[in-house]
Amino acid sequence: MTEQTQEKASPTVQKRIRDSFERQGLMTHLGARLTHIGRGRAHIVLPVRLEVTQQRGYVHAGATSAIADSAGGYAALTLLDEDSDVLTVEYKINLLAPAAGDHLEAVGTVLKSGRTLTVCQLEVYGVQGGGARKLVANGQQTLIRVTEPAR
């Protein structure tokens, strides 16, 4: 982990990102929480409950992917000015193991922040109550900076 990703984002950036996160209907619907906002890094936690599982009892790939996508987006947003927002251009996720645990934790980390495009690493961990963590998904994402007002 680089110094940049360990450094906390400024209070102004943290507020802007928390306000944005609260406007995300899907994250609210899933019950996800934004738990860390650092420079170039964001963490989102999803409690495991019946509503986010698939037929075998694991967390559904759609829910796993959604929190990974949002974690990367917010990691990217920490490095952009207050008039900017981001949209995902593409992402690829590898599901490495069944997503299980007491909760999932998605970690988005900026690999390269550019004027227009930002590339992020995505990781999702299954976390047990005692703190044991298992990597259940990883991927990469490209985001585009946008400045026009949201719809």
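In this structure, NZ on K15 lies 11.0 Å from CD1 on I37, to the nearest 0.5 angstrom. Atom CD1 of I17 and atom CG of L77 lie 4.5 Å apart (nearest 0.5 Å). From L104, atom CG reaches atom CG of L30 across 10.5 Å, with rounding to the nearest 0.5 Å.
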Query raised in the report: Does the pair E90 and Q141 meet the rule for a side chain to side chain contact (heavy atoms under 4.5 Å, CB included), with working shown?
Result: CA-CA 6 Å; E90 65 86 27; Q141 169 190 52; over 6 Å; no
Requested in this report: Could you walk me through whether R41 and T109 pass the side-chain hydrogen bond (donor to acceptor under 3.5 Å, both in side chains) test, one step at a time?
Outcome: CA-CA 5 Å; R41 191 171 177 97; T109 306; 3.0 Å; yes
Requested in this report: Go through the steps to decide whether L96 and V136 satisfy the test side chain to side chain contact (heavy atoms under 4.5 Å, CB included), and finish with yes or no.
Outcome: CA-CA 5 Å; L96 306 173; V136 298; 5.8 Å; no
Requested in this report: Report the C-alpha distance between R33 and I44 in whole Å, list the side-chain angles of each, state the deciding distance to 0.1 Å, and finish with yes or no for side chain to side chain contact (heavy atoms under 4.5 Å, CB included).
Outcome: CA-CA 5 Å; R33 297 182 330 269; I44 294 175; over 6 Å; no
Query - side chain to side chain contact (heavy atoms under 4.5 Å, CB included) evaluation trace for Y91 with C120 - result: CA-CA 9 Å; Y91 72 102; C120 293; over 6 Å; no
**Report entry** side-chain hydrogen bond (donor to acceptor under 3.5 Å, both in side chains) between T147 and D83, intermediate numbers included
**Finding:** CA-CA 6 Å; T147 56; D83 294 329; over 6 Å; no
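For the pair R16/E82, a side-chain contact is recorded, criterion being any heavy-atom separation below 4.5 Å from C-beta on. With contacts defined as side-chain heavy-atom distances shorter than 4.5 Å, the pair Q121/V110 does not qualify. Side-chain contact between Q24 and Y74 is present, with at least one heavy-atom pair separated by less than 4.5 Å. Side-chain contact between L34 and H43 is absent, with no heavy-atom pair separated by less than 4.5 Å. A heavy-atom distance below 4.5 Å is found between the side chains of L46 and V59.
Taking V146 as the reference, D85, L87, I144, E148 meet the side chain to side chain contact (heavy atoms under 4.5 Å, CB included) condition, with sequence neighbours excluded. Partners of H103 under the ring-ring contact (aromatic ring centres under 6.0 Å, His included) rule, at least two apart in sequence or in another chain, do not exist in this structure.
In the model, S84 has a side-chain atom that pairs as donor or acceptor with a side-chain atom of R145 under 3.5 Å.
Screening residues 112-137 for salt bridge (charged side-chain N to carboxylate O under 4.0 Å, His left out) gives E105-R133 as the qualifying pairs, with residues at least two apart or on separate chains.
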